[in-house]
Amino acid sequence: MHKRTLIQNATIVNEGEAFLGSLLIVNHHIEEVLRGQDAESVCPPDEVINAQGCYLLPGVIDTHVHFRDPGLTHKADMKSESRAAAAGGVTTVLDMPNVVPQTTTDEALALKEAIASERCVVNYGFLVGATNENAEFLRRINRRRVAAIKVFMGSSTGNMLVDHEEVLARLFDNSRLPIVTHCEDTTLINLAMKKCQTVNGPDPAVRFHAQIRSAEACYRSTELAVRLAHEYDTRLHVAHLSTARELELFDLAAYPKVTAEVCLPHLLFTDADYDRLGTRIKCNPSVKTREDRDALRAALADGRISTVATDHAPHLLREKQGGAARAVSGMPMVQFSLVGMLGLVDEGVLSLPRLVETMCHEPARIFDIENRGFLRPGYKADFVLVRPHSPWTLTPNRIESKCNWSPLEGRTFRWRVEKTFCNGYLLYNQGHITDEDHKGQAVTYAR
Ligand code: DOR
Ligand code: ZN
């Protein structure tokens with residue numbers, strides 16, 4: 001039985017354009033993208049959804065989330081966080097390997113796939129982790145099964161540091177998959193932490209976090225990653241740039257295989273926010289200065305940065321107690337990334353087509369994701385309806401994430417996620433997940 005649904009009279013934003021039109025979907029797929037007011041499909045639809053006044057965008061692909069499953073499910077799990085994703089207009093997530101057990105072996109990957117197929121309500125894919133020892137696993141891995149290899153070139157939550165220079169060189173030389181790096185120089189960080197502790201005691205206040213995890217530490221490590229990628233002709237996507245200076249390392253015209261991501265915390269906050277928000281905005285790499293934030297925003301708008309992700313990294317508030325040494329790093333963000341970025345569109349930071357480029361199209365391109373990320377006939381019907389001029393204020397009762405807090409509490413957003421369709425299924429509708437047991441699909445990669 002083929003069900004034909006027409007989403008009518010939205011402003012469709014896709015592939016560099018915004019136009020009034022309608023989308024015809026048949027079962028899981030997009031059938032037609034129609035232009036103009038009251039556009040009619042050749043064959044009449046079974047159902048019409050009036051989307052007048054809404055913008056229709058491809059579902060967001062968030063290529064950097066930590067859903068904590070398995071092993072850390074007191075913080076978050078696949079079900080809770082994928083619900084948060086759906087409520088935020090995110091239809092596909094790529095999940096990171098710093099869970100327990102770490103996703104660095106065949107068995108651990110199979111376990112994660114099994115959990116996601118049971119519990120993840122949106123579409124999903126995985127990065128596997130590199131260690132100083134698992135080269136053999138990485139060599140054998142099926143390139144159509146995994147999004148990329150994550151390399152922690154600086155240590156962060158989860159102890160996955162790869163710090164042997166010859167291991168890094170071999171990884172970059174042989175990689176059959178894109179490499180995604182976390183770049184912060186651990187030696188510089190450890191030195192700065194010791195120095196800060198000598199003056200301020202064992203747990204310095206969180207406002208010192210950006211001095212400890214410094215711009216210099218980011219630059220040194222990103223510089224090494226980029227240099228290795230140039231040397232070995234590696235496909236490298238550097239995660240969460242956080243400084244103005246790192247931008248000089250990227251030249252897409254000369255090295256199109258070396259790309260950069262920016263995450264919501266580094267686009268929305270500055271070090272002036274530590275006083276107000278404390279450890280809620282403690283993350284690695286650290287949130288830095290207003291000049292850094294503004295340079296990242298400009299680079300996102302003009303194309304030097306390719307993708308926006310969240311680094312959604314939920315922790316319980318009690319784990320966020322303490323200062324720069326004791327409080328854990330990371331914050332939940334997946335539910336509010338789209339409305340947060342739409343706020344930046346309103347501020348004139350970037351255009352709506354550029355938002356769609358950086359949150360939908362480029363993630364699909366960079367990770368070779370098949371049949372998603374664009375509104376095209378034959379592609380999966382992953383899309384979101386967002387309504388402008390519809391203000392609301394973030395209060396804890398709206399939060400789907402298990403940890404139940406957000407660094408954005410109290411913020412008023414002008415856009416609202418009204419409906420999220422995932423594989424043609426209306427998964428989120430005006431404040432509610434329509435089916436908690438809905439199952440997303442494993443994404444596939446065109447390789
Ligand atoms: O702030 C962070 N939190 N940075 C990371 O690299 C890891 C993440 C986490 O998993 O908590
Ligand atoms: Zn991360």
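We're numbering straight along the sequence, starting at 1. Keep in mind that the numbers below use all heavy atoms, side chains included, and drop hydrogens, waters and symmetry copies. Remember, it's 1-based here, ligands and their atoms both numbered in the order they're listed.
- Taking a cutoff of 4.0 Å between a charged side-chain nitrogen and a carboxylate oxygen, D233 and K257 qualify as a salt bridge.
- Counting heavy atoms under 4.0 Å from ligand 1, residue R213 does not touch it at all.
- Excluding waters, the set of protein N, O or S atoms lying under 2.8 Å from the Zn ion (ligand 2) comprises H64 NE2, H66 NE2, D311 OD1.
- Counting only heavy atoms of the protein, atom 5 (C) of ligand 1 lies nearest to S156 OG, 2.9 Å.
- Residue contacts with ligand 1 for H182 involve side-chain atoms from C-beta outward but no N, CA, C or O (heavy atoms, distance under 4.0 Å).
- Contacts of S329 classified as side chain to side chain donor-acceptor pair (under 3.5 Å), with partners at least two apart in sequence or in another chain: K282, N284.
- Near C283, with a cut-off below 4.0 Å to any heavy atom, the atoms of ligand 1 are 1 (O).
- Heavy-atom neighbours of H29 NE2 from other residues, nucleotides or ligands within 6.0 Å: above the threshold of 12.
- Less than 4.0 angstrom separates some heavy atom of A313 from each of these atoms of ligand 1: 3 (N), 8 (C), 9 (C), 11 (O).
- Remark: E136 pairs with R139, R140 by the side-chain contact (heavy atoms from CB on, under 4.5 Å) rule, at least two apart or across chains.
- In this structure a side-chain-to-backbone donor-acceptor pair under 3.5 Å is missing from R68 to H74.
- Scanning the protein heavy atoms around atom 4 (N) of ligand 1, the nearest turns out to be N284 O, 2.9 Å.
- In this structure H361 satisfies the side-chain contact (heavy atoms from CB on, under 4.5 Å) test together with N14, E15, P58, V356, E357, R365, F374, sequence neighbours excluded.
- Checked for salt-bridge contact, D273 and R290 miss the test: no charged N lies under 4.0 Å from a carboxylate O.
- Applying the 4.0 Å criterion to heavy atoms of H315 picks out, from ligand 1, the atoms 11 (O).
- In the model, E248 has a side-chain atom that pairs as donor or acceptor with a side-chain atom of Y219 under 3.5 Å.
- Taking the six-membered ring where tryptophan is involved, the planes of Y255 and H230 are essentially parallel, since the angle between them stays under 30° and well short of 60°.
- Under the 6.0 Å distance and 45° angle rule, R144 does not count as a cation-pi partner of Y445.
- Considering both main-chain and side-chain atoms, H240 never comes within under 3.5 Å of ligand 1 through any nitrogen or oxygen pair.
- The nearest non-hydrogen atom to atom 11 (O) of ligand 1, considering only H66, K75, R68, H64, comes from R68.
- The nearest heavy-atom contact from the protein to atom 3 (N) of ligand 1 is S329 O, 3.0 Å.
- Between K282 and ligand 1, no pair of N/O atoms sits closer than 3.5 Å.
- Aromatic ring pairs are classed by plane angle as parallel below 30°, tilted from 30° to 60° and perpendicular above 60°; the pair H312 and F67 is perpendicular.
- Using a 4.0 Å heavy-atom cutoff, E319 is absent from the residues neighbouring ligand 1.
- Residue-level proximity to ligand 1 for N98 is carried by the side chain, the only part with a heavy atom below 4.0 angstrom.
- Between H438 and Y425, the gap from one ring centroid to the other is short of 6.0 Å.
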